[in-house]
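Beneath this line is the structure, given in structure tokens, with notes to follow.
Please read these numbers as outputs of a predicted model, since none were measured by experiment.
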Amino acid sequence: MQTQTPAIQTRDLTRRFGAIVAVKELDLDVATGAVFGLLGPNGAGKTTLIKMLTTALPPTAGSATVAGFDIERKAQAVRERIGYVPQALSADGALTGYENLLLSAHLYGIGRGERRKRIFEALEFMGLREWGGRLVREYSGGMIRRLEIAQSMLHRPAVLFLDEPTVGLDPVARHAVWDRIRSLRDQYRMTVLLTTHDMEEADVLCDSVAIMHRGQIAAVGSPEQLKAAVGGSATLDDVFVHFTGGALEEGSSYRETARARRLARRLS
């Protein structure tokens with residue numbers, strides 16, 4: 001039986017900024033159709049890794065493939081097969097949900113005859129069909145996040161990158177976003193790589209997680225496997241602290257905390 005090529009694969013992937021090594025000889029395999037969580041303290045290299053995987057930043061050394069294409073030699077093919085939802089608010093509040101999606105459809109090069117169908121399918125899938133004609137400034141935080149995911153999936157990407165997808169959301173909105181992420185995996189067999197500082201989110205949503213520390217993978221496996229490796233009645237919080245030397249307690253920098261709080265206010 002032939003083994004399926006991973007949706008994301010890195011070998012010795014490295015990125016240096018002068019004397020600073022942000023990502024160091026990183027080996028990672030993300031299975032096709034999985035929800036994969038990338039965890040780690042601030043400064044662990046998560047953002048740098050995602051920038052390389054989305055072709056926004058070239059590696060210093062090593063290699064990586066996304067959706068079967070090399071991130072350097074086939075960068076355009078990679079970009080055509082991925083979606084990306086940043087942590088910062090990206091939907092335009094002065095436009096309707098439909099207009100935001102129409103703009104994305106143009107950017108993704110979706111043909112005129114297919115745009116309307118794709119847009120209504122995306123609105124329906126995200127539970128926003130009745131809100132498509134309303135200005136996004138009237139949406140709740142959870143609805144905005146679902147709209148942004150809808151924008152990123154219009155072109156049916158093979159791999160979707162989500163940066164802190166539920167930051168600032170209340171529990172009801174957070175669970176609604178989780179449900180949609182699971183549906184992307186189950187209905188479209190889309191591979192989802194997400195970053196999160198929410199250990200509960202990683203535990204209940206992710207098929208596998210990797211913990212990054214100082215530019216390297218400190219541990220990788222399913223949440224249950226990692227908890228079992230630590231032993232006792234360990235939680236994923238305990239796993240995080242175990243593999244990062246207590247970094248969970250250090251918290252975010254002032255700039256990162258301020259950014260998260262500004263985003264939370266805009267989403268609320």
Side-chain angles (χ1 to χ4, degrees), residues 7-8 30 32-38 46-47 49-57 66-67 69 71 75-93 95-111 114-129 131-132 136 139-169 173-174 176-196 201 205-206 263 266-267:
I8 299 170
V30 177
T32 298
V35 176
F36 190 93
L38 189 61
K46 302 186 302 296
T47 298
L49 174 59
I50 287 179
K51 284 183 177 179
M52 288 191 285
L53 295 177
T54 56
T55 76
L57 186 68
V66 176
F69 293 90
I71 61 171
Q76 182 59 37
V78 171
R79 288 191 287 269
E80 291 170 355
R81 288 163 176 81
I82 64 173
Y84 174 58
V85 180
Q87 181 179 339
L89 194 65
S90 58
D92 190 334
L95 300 177
T96 66
Y98 183 93
E99 289 168 339
N100 271 277
L101 288 166
L102 182 61
L103 179 60
S104 295
H106 280 286
L107 292 174
Y108 286 128
I110 297 172
E114 184 73 8
R115 288 174 199 158
R116 183 179 177 85
K117 176 176 176 290
R118 291 277 186 100
I119 289 170
F120 280 115
E121 283 180 352
L123 287 170
E124 183 74 33
F125 183 82
M126 288 296 165
L128 297 171
R129 183 67 178 259
W131 286 78
V136 171
Y139 286 22
S140 69
M143 292 166 65
I144 292 172
R145 190 54 95 204
R146 281 184 277 144
L147 176 66
E148 290 170 331
I149 296 174
Q151 289 176 274
S152 72
M153 62 170 282
L154 275 178
H155 60 308
R156 311 281 169 77
V159 182
L160 178 62
F161 294 89
L162 303 176
D163 188 4
E164 296 281 348
T166 61
V167 65
L169 301 186
R174 184 172 54 150
V177 171
W178 290 356
D179 287 342
R180 294 312 187 277
I181 293 172
R182 291 189 188 100
S183 295
L184 288 172
R185 175 194 60 194
D186 297 340
Q187 294 187 34
Y188 291 95
R189 206 160 182 267
M190 194 178 295
T191 303
V192 180
L193 186 149
L194 62 89
T195 67
T196 182
E201 179 166 88
L205 184 60
C206 296
L263 179 59
R266 294 179 70 183
L267 289 174

Working note: Leu205 + Leu194, criterion side-chain contact (heavy atoms from CB on, under 4.5 Å); need CA distance, chi angles, decisive distance, verdict. CA-CA 10 Å; Leu205 184 60; Leu194 62 89; 3.7 Å; yes
Heavy-atom nearest pair, Glu164 first then Gln87, reads CG-OE1, 3.5 Å
Whether over 12 other heavy atoms sit under 6.0 Å from Arg156 CZ
yes
Nearest heavy-atom contact between Arg185 and Gly33 is CG-O, 2.9 Å
Check whether Thr96 reaches the backbone of Glu99 with its side chain - one donor and one acceptor, N or O, closer than 3.5 Å. yes
Backbone of Leu38 reached by a side-chain donor or acceptor of Thr195 within 3.5 Å: no
dist Glu80:CD -> His155:NE2 (nearest 0.5 Å) comes out at 9.0 Å
To the nearest 0.5 Å, atom CD of Glu148 lies from atom CE of Met153 at 14.5 Å
Rounded to the nearest 0.5 Å, the CZ atom of Arg189 sits from the CG atom of Leu184 at a distance of 14.0 Å
Contacts of Arg118 meeting side chain to side chain donor-acceptor pair (under 3.5 Å) (sequence neighbours excluded), chain-then-number -> Glu114
### Query
Would you find a donor on one side and an acceptor on the other, under 3.5 Å apart, between the side chain of Arg145 and the backbone of Pro165?
yes
Between the CG atom in Leu154 and the CD1 atom in Ile110, the distance rounded to the nearest 0.5 Å is 5.0 Å
Strictly distance-based, threshold 3.5 Å: is any side-chain N or O of Arg174 a donor or acceptor partner for the main-chain N or O of Leu169? no
Given 3.5 Å as the limit, does a donor-acceptor pair link the side chain of Gln151 with the main chain of Ala91, or not?
no
On a heavy-atom basis, the closest approach of Gly97 and Val136 is N-CG2, 3.8 Å
All heavy atoms of Ser152 vs all of Leu160, minimum pair found to be OG-CD1, 3.1 Å
Distance col, row Phe69:CZ vs Thr55:OG1, nearest 0.5 angstrom, shows 13.5 Å
Donor-acceptor pair, distance only, cut-off 3.5 Å: does the side chain of Tyr98 make one with the backbone of Leu123? no
Apply side-chain contact (heavy atoms from CB on, under 4.5 Å) to the pair Ile149 and Met126, showing each step before the final yes or no. CA-CA 8 Å; Ile149 296 174; Met126 288 296 165; 3.2 Å; yes
For Tyr84, the ring pair (Phe, Tyr, Trp, His ring centres under 6.0 Å) test, sequence neighbours excluded, returns none
Between Arg180 (side chain) and Phe125 (backbone), is there a donor-acceptor pair under 3.5 Å?
yes
Note: Val78 and Ile71 closest approach over all heavy atoms is CG2-CA, 4.1 Å
Closest heavy-atom pair, Leu101 versus Ala150, reported as atoms and distance to 0.1 Å, is CD2-C, 3.7 Å
Steps toward side-chain contact (heavy atoms from CB on, under 4.5 Å) verdict (Ile50, Leu193) | CA-CA 9 Å; Ile50 287 179; Leu193 186 149; 4.1 Å; yes
In this structure, CG of Leu102 is separated from CG of Leu95 (nearest 0.5 Å) by 9.5 Å
